[in-house]
J.: 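Quick one: the structure is below, and I'll ask about it shortly.
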Amino acid sequence: MLKKRGIGISFIILIASTVFLLYALKIGPFGGSAHRPVEQATSISSEKTDERKKLTAMEALRLGYKEAKKHTEEPMLIGMTSTDDTAETQEKTDGADGKRNAWNLEFGSKKGDININMSIRDGKVNAEVRKDDNNLLQKGQHAISDIKIDSPEAVKKAIEVLGMRPGNPGIKDDWIKGYHFSIKGFMTDRNSSQTRYLLRVTGISPNSPNSENDSLRMNVFFDVKTGEMFNASEMTGYDKDGRTNWKDIELTPRNK
């Protein structure tokens, strides 16, 4: 009797275990049905660092490219930018040497089947990968091998030639803290949809503030393939609808 009862209990436990296993496979940590969507996100993290690590634009780009190579044979840059979106306290001096501790980057494959968004914080890379078998994702556009100028050289020229100043965390209207950098294709002709591969340095105009005490931002653009200063502009204030007004800064052969 006891033997038969023991067999019965074991059989019930076996059935319960099987049901639990099937349930766990269905809704467990892999979140999985057998039919996954064409487009899906995956998070990847590189090894953590324990100290604040600042990188130039090219250092961040090479680090991001190394991560992107894990997911597509020939990743092409869509765009990258430094950012104040970080837990670390941002200071007025940040970016004066061309280095920032926080960067956002986006890569894509040539045919549009893979898109890789990533953030770099203190040398740690976090990436989100999307895939689409129909090639409907934004395609990668720019080769990093074309870039012949880095952020330290660019910000040095913007400061020395045009008097660009850093965003001051103590001035709320400055919006940015220190100097910031972007590399991507910028539209430079209103009559064309074509873009030009540029490095942009953003800071504060030497003419800031204006007579209404508005903080005036300033952008300086460099052709990444030649390293030459391509264009510069500065805010002049706001219109009646609160939109920013800008004017181009005339570049003479001397300050190019």
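Predicted model only: the values in this text are computed from it and were never measured.
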J.: Distance from Lys148 atom NZ to Thr226 atom OG1, nearest 0.5 Å?
T.: 11.0 Å
J.: Can a donor-acceptor pair be found, under 3.5 Å and without considering hydrogens, that links the side chain of Trp175 to the backbone of Lys172?
T.: no
J.: Between CG of Asp223 and CG of Asp146, what distance do you get to the nearest 0.5 Å?
T.: 10.0 Å
J.: For residues 230-243, run the donor-acceptor check on the side chains, cut-off 3.5 Å, and write out each pair with its distance to 0.1 Å, sequence neighbours left out.
T.:
from	atom 1	to	atom 2	distance (Å)
Glu234	OE1	Ser205	OG	2.5
Glu234	OE1	Asn207	ND2	3.1
Glu234	OE2	Asn207	ND2	3.4
Thr236	OG1	Asn245	O	3.4
Asp239	OD1	Asp241	N	2.9
Asp239	OD1	Gly242	N	3.0
Asp239	OD1	Arg243	N	2.8
Asp239	OD2	Arg243	NE	3.0
Asp239	OD2	Arg243	NH2	3.4
Asp241	OD2	Arg243	NH2	3.1

J.: Just so I know, are the side chains of Thr202 and Phe181 near enough to count as touching, which here means a heavy-atom distance under 4.5 Å?
T.: no
J.: For Ala158 and Val220, work out which heavy atoms get closest and say how close.
T.: CB-CG2, 4.1 Å
J.: Identify the two heavy atoms, one from Tyr179 and one from Gly203, that lie closest to each other, and give their separation to 0.1 Å.
T.: CD2-CA, 4.3 Å
J.: Is there a continuous path of hydrophobic side-chain contacts, each under 4.5 Å between heavy atoms, that joins Leu216 to Ile159?
T.: no
J.: Establish whether Trp246 and Met229 are linked, either directly or via other cluster members, by ILVMFWY side-chain heavy-atom contacts under 4.5 Å.
T.: no
J.: Side chains of Ile114 and Lys139: closer than 4.5 Å at any heavy-atom pair?
T.: no
J.: Ion pair present between Lys131 and Asp113, side-chain N to carboxylate O less than 4.0 angstrom?
T.: no
J.: Which is it for Glu67 and Ile120 under the side chain to side chain contact (heavy atoms under 4.5 Å, CB included) test, yes or no, and what are the steps along the way?
T.: CA-CA 11 Å; Glu67 177 67 41; Ile120 299 177; over 6 Å; no
J.: Are any non-hydrogen side-chain atoms of Met187 and Arg196 less than 4.5 angstrom apart?
T.: no
J.: Determine, step by step, whether Leu63 and Trp103 satisfy the side chain to side chain contact (heavy atoms under 4.5 Å, CB included) criterion, reporting the C-alpha distance in whole Å, the side-chain angles of both residues, the deciding distance to 0.1 Å, and the verdict.
T.: CA-CA 11 Å; Leu63 187 60; Trp103 295 87; over 6 Å; no
J.: Tell me whether Val224 shares a hydrophobic cluster with Phe222, the cluster being built from Ile, Leu, Val, Met, Phe, Trp, Tyr side chains joined at under 4.5 Å.
T.: yes
J.: Side-chain heavy atoms under 4.5 angstrom apart, residues restricted to Ile, Leu, Val, Met, Phe, Trp, Tyr: same cluster for Ile116 and Ile78?
T.: no
J.: Cluster question for you: counting only ILVMFWY and a side-chain heavy-atom cut-off of under 4.5 Å, with indirect links fine, are Leu55 and Val125 together?
T.: yes
J.: At their closest point, which heavy atom of Gly163 faces which heavy atom of Pro206, and how far apart are they?
T.: O-CB, 3.4 Å
J.: About how many Å separate CD1 of Ile149 and CG of Leu198, when rounded to the nearest 0.5 Å?
T.: 10.5 Å
J.: Answer whether the closest heavy-atom distance between the side chains of Met80 and Leu61 falls below 4.5 Å.
T.: yes
J.: Between Gln138 and Asn115, is there a side-chain donor-acceptor contact under 3.5 Å, judged purely by atom types and distance?
T.: no
J.: Walk me through it: do Val201 and His180 pass the test side chain to side chain contact (heavy atoms under 4.5 Å, CB included)?
T.: CA-CA 6 Å; Val201 183; His180 278 287; over 6 Å; no
J.: With distance as the sole test, does Tyr65 use its side chain to make a donor-acceptor pair with the main-chain N or O of Ala60 at under 3.5 Å?
T.: no
J.: According to the interplanar angle, ranging from 0 to 90°, do the rings of Phe221 and Phe186 count as parallel (below 30°), tilted (30 to 60°) or perpendicular (above 60°)?
T.: perpendicular
J.: So which atom in Pro169 and which in Gln90 form the shortest heavy-atom distance, rounded to 0.1 Å?
T.: CG-O, 3.6 Å
J.: Are Asn101 and Lys53 close enough that some pair of their side-chain heavy atoms sits under 4.5 Å apart?
T.: no
J.: Hydrogens and angles aside, do Asp150 and Thr56 bring a side-chain donor and acceptor to less than 3.5 Å of each other?
T.: yes
J.: Could you tell me whether Arg217 and Asp174 make a salt bridge, using a distance below 4.0 angstrom between a side-chain N and a carboxylate O?
T.: no
J.: Whether Arg62 and Glu59 form a salt bridge (side-chain N of Lys/Arg under 4.0 Å from carboxylate O of Asp/Glu) is what I want to check.
T.: no
J.: Is there a salt bridge (Lys or Arg N to Asp or Glu O under 4.0 Å) between Lys157 and Glu160 once you walk through the steps?
T.: CA-CA 5 Å; Lys157 287 184 178 180; Glu160 293 181 349; over 6 Å; no
J.: Compare all side-chain heavy atoms of Phe107 with those of Met76 and state whether any distance is below 4.5 angstrom.
T.: no
J.: Is the shortest side-chain N to carboxylate O distance from Asp94 to Lys54 below 4.0 Å?
T.: yes
J.: Between Ser82 and Arg100, is any side-chain donor less than 3.5 angstrom from a side-chain acceptor?
T.: no
J.: I'd like to check Lys92 versus Lys177 (side-chain heavy atoms, cut-off strictly below 4.5 Å). Are they in contact?
T.: no
J.: Can you tell me how far apart CD1 (Ile171) and OG (Ser215) are? Round to the nearest 0.5 Å.
T.: 6.5 Å
J.: Nearest 0.5 Å please: distance from the OG1 atom of Thr93 over to the CG atom of Asn168.
T.: 10.5 Å
J.: Checking side chain to side chain contact (heavy atoms under 4.5 Å, CB included) for the pair Ile147/Met58: CA distance, chi angles, key distance, verdict?
T.: CA-CA 8 Å; Ile147 303 174; Met58 285 306 299; 3.6 Å; yes
J.: Does a side chain donor of either Ser109 or Thr72 reach within less than 3.5 Å of an acceptor in the other side chain?
T.: no
J.: Is a donor on one side and an acceptor on the other found under 3.5 Å between the side chain of Asn104 and the backbone of Ser119?
T.: no
J.: Are any side-chain N or O atoms of Asn210 and backbone N or O atoms of Asp214, one a donor and one an acceptor, separated by less than 3.5 Å?
T.: yes
J.: Between Asn135 and Asp133, is any side-chain donor less than 3.5 angstrom from a side-chain acceptor?
T.: no
J.: Between Glu250 (side chain only) and Asp248 (backbone N and O only), is there a donor and an acceptor less than 3.5 Å apart?
T.: no
J.: Would a distance-only check, ignoring hydrogens and angles, find a side-chain to backbone donor-acceptor pair under 3.5 Å from Asp132 to Asn134?
T.: yes
J.: Find out whether Lys184 and Leu199 are in side-chain contact, i.e. whether some heavy atom of one side chain is under 4.5 Å from a heavy atom of the other.
T.: no
J.: Of all the heavy-atom pairs spanning Ala102 and Thr86, show the shortest one and how long it is.
T.: CB-CB, 3.8 Å
J.: Could you measure the distance from the CD1 atom of Ile183 to the OG atom of Ser151? Nearest 0.5 Å is fine.
T.: 7.0 Å
